Structure formats: structure tokens, C-alpha cells
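Sharing a structure with you now.
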Amino acid sequence: MNDLWMQLLLTADATLRISTPLILAALAGLCSERAAVIDIGLEGKMLGGAFTAATVSYLTGSVWLGLVCAILACLLLALLHGFACITHRGNQVVSGMAINIVVAGLAPTLGHAIFHINGDTPPLPQTARFMALTLPGAEALRGVPVLGPIYAELISGHTLLTYATFALIPCVSFMLYKTRFGLRLRAVGENPEAVDTAGISVAWLRYRAVLIAGALCGVAGASLSTALGASFIRDMTAGKGYLALAAMIFGKWRPGLTVTACLLFAFTDALQARLQGVSLPLVGEIPVQFIIMLPYVMTVILLAGFVGKVVAPKADGIPYVKER
């Protein structure tokens with residue numbers, strides 16, 4: 001029983017770590033699409049942020065400078081997406097996919113040019129990474145039944161970015177539903193004509209939404225390479241941007257449900273890592289290829305059968321043309 005309890009705690013602990021970039025990317029897509037700008041480019045922005053954070057952190061030895069540069073890089077990509085889709089009213093899906101493709105090729109190319117090691121960055125020293133934090137009293141309370149292991153194993157031992165991510169969830173929800181800016185952001189995704197009639201710039205609101213999304217993607221990318229990992233690896237996002245979009249749709253463009261979906265996807269990812277090489281009763285050892293598929297199969301099953309009626313913002317993906 002104790003072994004099972006510890007295995008459950010360790011799986012939940014891994015779930016929280018793995019969910020960090022997913023939650024950040026999903027909230028980024030949520031903010032963007034609430035303003036009616038589809039952001040398929042979450043994957044590319046995360047990858048660009050991961051490369052920038054790892055490269056700058058390694059070259060300067062400062063993880064904070066790496067984080068700031070990752071955010072700036074993703075803000076530039078977000079501005080590029082906004083320029084194509086908001087200013088020039090281009091196809092938002094095409095623009096997002098273009099960002100994904102360009103960054104997927106550009107990041108390893110630059111990595112090879114700088115470090116000459118197959119497009120990756122060298123391993124980061126501890127001083128250039130976000131290390132796990134031990135909360136006060138964690139070791140002292142470890143022996144306390146039930147609550148001690150929960151505090152020591154599940155709550156303590158995460159990086160600053162993980163704690164900041166979970167603190168950010170209510171902040172995003174408050175911003176969307178309790179502030180004037182959030183009301184206008186949601187309004188521009190539902191009825192941009194009414195917002196324009198009220199004398200508010202639709203384009204400026206949408207630009208601010210994609211910039212918020214870019215900043216969140218920068219933090220998500222930095223968490224991949226300087227917190228969860230210790231270097232940049234080619235294609236290290238591994239579809240997490242698309243999983244974040246799926247979580248956003250599963251959550252029906254609401255922060256709470258979106259985060260729940262991210263935790264569910266992260267749980268399946270943590271579970272598949274623990275099932276590799278394990279012999280299960282009646283089944284035996286499952287081939288590793290099928291176990292790795294688990295998070296993506298879960299995504300398809302949830303979106304196909306358990307989401308129910310999904311209603312996106314009415315103006316989602318539709319460029320706004322000001323009437324003259």
C-alpha cells in the first residue's frame with residue numbers, strides 16, 4: 001500500500017511538472033482566440049523560446065536573461081503573426097503553420113552554426129537553469145502520515161516557473177472575466193463591429209492578445225529547455241503546442257476547463273513514462289511505441305467523444321474589415 005501510495009504521488013508530481021509548458025501554451029492560445037485570432041503557431045513559438053532561452057542561458061550563464069530573451073523572441077514571432085493576420089488580414093492558419101515550419105528549421109540551423117553539435121545546445125550548468133525549490137519544512141514534515149508526503153513530494157520540489165504557472169491561472173481568469181480589458185477582449189472575439197462602433201480599435205486589441213500569447217509561449221519554451229530539461233534539443237516541443245490547442249478546445253475556451261485538460265494530458269504523459277518496460281497483469285509488457293502514443297490517443301478520444309458541443313468565439317479566424 002505504501003509503495004502504491006508513493007507511486008501515485010510521484011506520478012502526480014510528474015504530472016504537475018509536465019503540465020507547466022502545456023498550461024502556458026494553452027492559456028496563450030486561449031487569450032489569442034478569445035480575440036478571434038487563431039494561433040496554430042504555438043508549437044513554433046514554444047520551440048523558438050526554448051532555443052533562445054537555452055542559447056542565451058548557456059552563453060551568458062544567466063537563466064533570467066535567457067527567460068527574458070525567450071519572451072522577446074516569441075513577442076517578435078507574435079508580432080509577425082499579427083502583422084500577417086491582423087494588419088494584412090491573411091489566413092491565420094497558414095501564418096501559424098508558416099511560423100512552425102520556419103522555427104523548426106531555423107532553430108537547429110542556428111544551433112549548429114553557434115555550437116557545432118547537430119543543432120542542439122550543450123548541457124546547461126545548474127547556474128544557468130531553473131532548479132527545483134525545496135519549500136520550508138518539506139524535509140521535516142516528510143515523515144508525517146499522508147500530509148507529509150503530499151507536501152514533500154507533490155507540493156515541494158518544483159521549479160519557480162511551475163509555481164508561477166499555477167499562480168497565473170487565476171490571474172488569467174480574473175483578467176478575462178473581471179476587468180475592462182478582458183471584457184473588450186472577449187467582445188472583439190464575438191462582435192468586433194460593436195467594439196469598433198464603441199470607438200475601440202479592434203486591431204490594437206487583437207495585437208495585444210497575440211502579444212500576451214507570445215509572452216506566455218516564451219515562458220513555456222524556457223520551461224522546456226531550462227527547467228524541465230537542461231539544454232535545447234531539436235524538435236523538443238514534440239507536439240505540445242498542438243496538444244495545448246486540443247486542451248483549449250476541450251476546455252471550450254475557458255481557463256478552468258482548459259487547465260483541467262492540460263493536467264489530464266500531462267497525466268497520460270507521466271503515466272506512459274512509468275509504464276515503459278513494466279509487465280502488466282494479463283497483458284504483459286506493452287511495446288514502447290504504443291505507450292508513447294498514449295497522450296495523443298487520449299487527445300483524439302476526448303475530442304471525438306467527450307467534448308460535447310463546442311462553440312468557438314463567433315469571429316474566431318475571421319479578419320475584421322472596417323466598414324467605410
Side-chain angles (χ1 to χ4, degrees), residues 22-43 45 74-75 77-97 99 168-217 241-262 302-303 306-324:
L22 274 178
I23 290 173
L24 289 166
L27 292 178
L30 175 67
C31 291
S32 182
E33 294 212 15
R34 275 294 190 175
V37 180
I38 297 174
D39 199 350
I40 301 294
L42 295 176
E43 179 86 359
K45 287 200 282 288
C74 289
L75 287 176
L77 291 172
L79 282 173
L80 179 62
H81 183 56
F83 183 70
C85 301
I86 301 171
T87 302
H88 290 283
R89 299 187 289 276
N91 187 292
Q92 297 172 5
V93 174
V94 172
S95 174
M97 285 304 301
I99 289 174
L168 190 64
I169 296 167
C171 296
V172 171
S173 183
F174 180 83
M175 181 271 290
L176 284 174
Y177 295 105
K178 300 294 183 180
T179 67
R180 180 186 299 179
F181 172 71
L183 174 63
R184 291 175 174 179
L185 199 70
R186 289 184 288 120
V188 83
E190 298 289 341
N191 193 343
E193 291 83 4
V195 173
D196 191 22
T197 302
I200 302 168
S201 173
V202 172
W204 176 226
L205 272 172
R206 289 183 172 178
Y207 262 110
R208 280 186 280 178
V210 298
L211 286 174
I212 291 172
L216 291 174
C217 283
Y242 301 112
L243 279 179
L245 284 173
M248 180 192 65
I249 296 170
F250 177 80
K252 301 180 180 179
W253 291 267
R254 299 174 184 171
L257 290 175
T258 296
V259 171
T260 302
C262 289
L302 288 175
L303 291 179
F306 294 94
V307 176
K309 185 178 180 180
V310 174
V311 180
K314 292 180 181 179
D316 198 16
I318 303 174
Y320 178 66
V321 181
K322 186 178 179 68
E323 296 182 1
R324 298 185 182 279

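Keep in mind that what you see is a predicted model, and the values were worked out from it rather than measured.
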Exercise for review: May I have the step-by-step check of side-chain contact (heavy atoms from CB on, under 4.5 Å) for Val188 and Tyr320, ending in yes or no?
Suggested key: CA-CA 10 Å; Val188 83; Tyr320 178 66; over 6 Å; no
**Study point:** All side-chain hydrogen bond (donor to acceptor under 3.5 Å, both in side chains) counterparts of Ser173, not counting sequence neighbours
**Key:** none
Revision key, fill the gap. For Glu190 and Arg34 the tightest heavy-atom approach is OE2-NH1, 4.5 Å
Review point. What's the shortest heavy-atom distance between Val195 and Leu205, and which atoms?
Key: CG1-CD1, 3.9 Å
Exercise for review: Go through the steps for Phe250 and Thr258 under the test side-chain contact (heavy atoms from CB on, under 4.5 Å), then give the verdict.
Suggested key: CA-CA 7 Å; Phe250 177 80; Thr258 296; over 6 Å; no
Practice item. Search all heavy atoms of Val321 against all heavy atoms of Arg89 and return the closest pair with its distance. Key: CG2-CD, 3.5 Å
Review point. Looking only at heavy atoms, what is the nearest atom pair of Gly90 and Pro319, with distance?
Key: O-CG, 4.4 Å
Point to revise | Residues in ring-ring contact (aromatic ring centres under 6.0 Å, His included) contact with Phe83, at least two apart in sequence or another chain | key: His88
Review point. Once you round to the nearest 0.5 Å, how far does CG of Asn91 lie from SG of Cys85?
Key: 7.5 Å
Review point. Got a salt bridge between Asp39 and Lys45, using NZ or NE/NH1/NH2 to carboxylate O under 4.0 Å?
Key: yes
Point to revise | Expected output: side-chain Ser32 to main-chain Val37 donor-acceptor under 3.5 Å | key: yes
Review point. For Ile38, does its backbone N or O pair with a side-chain atom of Glu33 as donor and acceptor, under 3.5 Å?
Key: no
**Study point:** Rounded distance (nearest 0.5 Å) linking atom OG1 of Thr179 with atom CG of Leu176
**Key:** 7.5 Å
Review point. Roughly how far, to the nearest 0.5 Å, is the CG atom of Leu27 from the SG atom of Cys262?
Key: 7.0 Å
Exercise for review: Can you measure from CG (Leu168) to CD1 (Ile23) and round to the nearest 0.5 angstrom?
Suggested key: 9.5 Å
Review point. Arg206: what forms a side-chain hydrogen bond (donor to acceptor under 3.5 Å, both in side chains) with it, not counting sequence neighbours?
Key: none
Practice item. Mind checking the CD-CE spacing from Glu43 to Met97? Nearest 0.5 Å is all I need. Key: 9.0 Å
Practice item. Answer yes or no: is there a side-chain heavy-atom contact under 4.5 Å between Leu216 and Ile212? Key: yes
Check your understanding: How many angstroms lie between atom SG of Cys31 and atom CG of Leu185, to the nearest 0.5 angstrom?
Key -> 7.0 Å
Exercise for review: Inspect the surroundings of CZ in Arg254 and state if more than 12 heavy atoms from other residues, nucleotides or ligands are less than 6.0 Å away.
Suggested key: no
Exercise for review: Identify the two heavy atoms, one from Gly241 and one from Leu42, that lie closest to each other, and give their separation to 0.1 Å.
Suggested key: O-CD1, 4.0 Å
Check your understanding: What is the minimum heavy-atom distance between Ala78 and Gly214, and which atoms define it?
Key -> CB-CA, 3.9 Å
Exercise for review: Could you walk me through whether Tyr207 and Ser201 pass the side chain to side chain donor-acceptor pair (under 3.5 Å) test, one step at a time?
Suggested key: CA-CA 10 Å; Tyr207 262 110; Ser201 173; over 6 Å; no
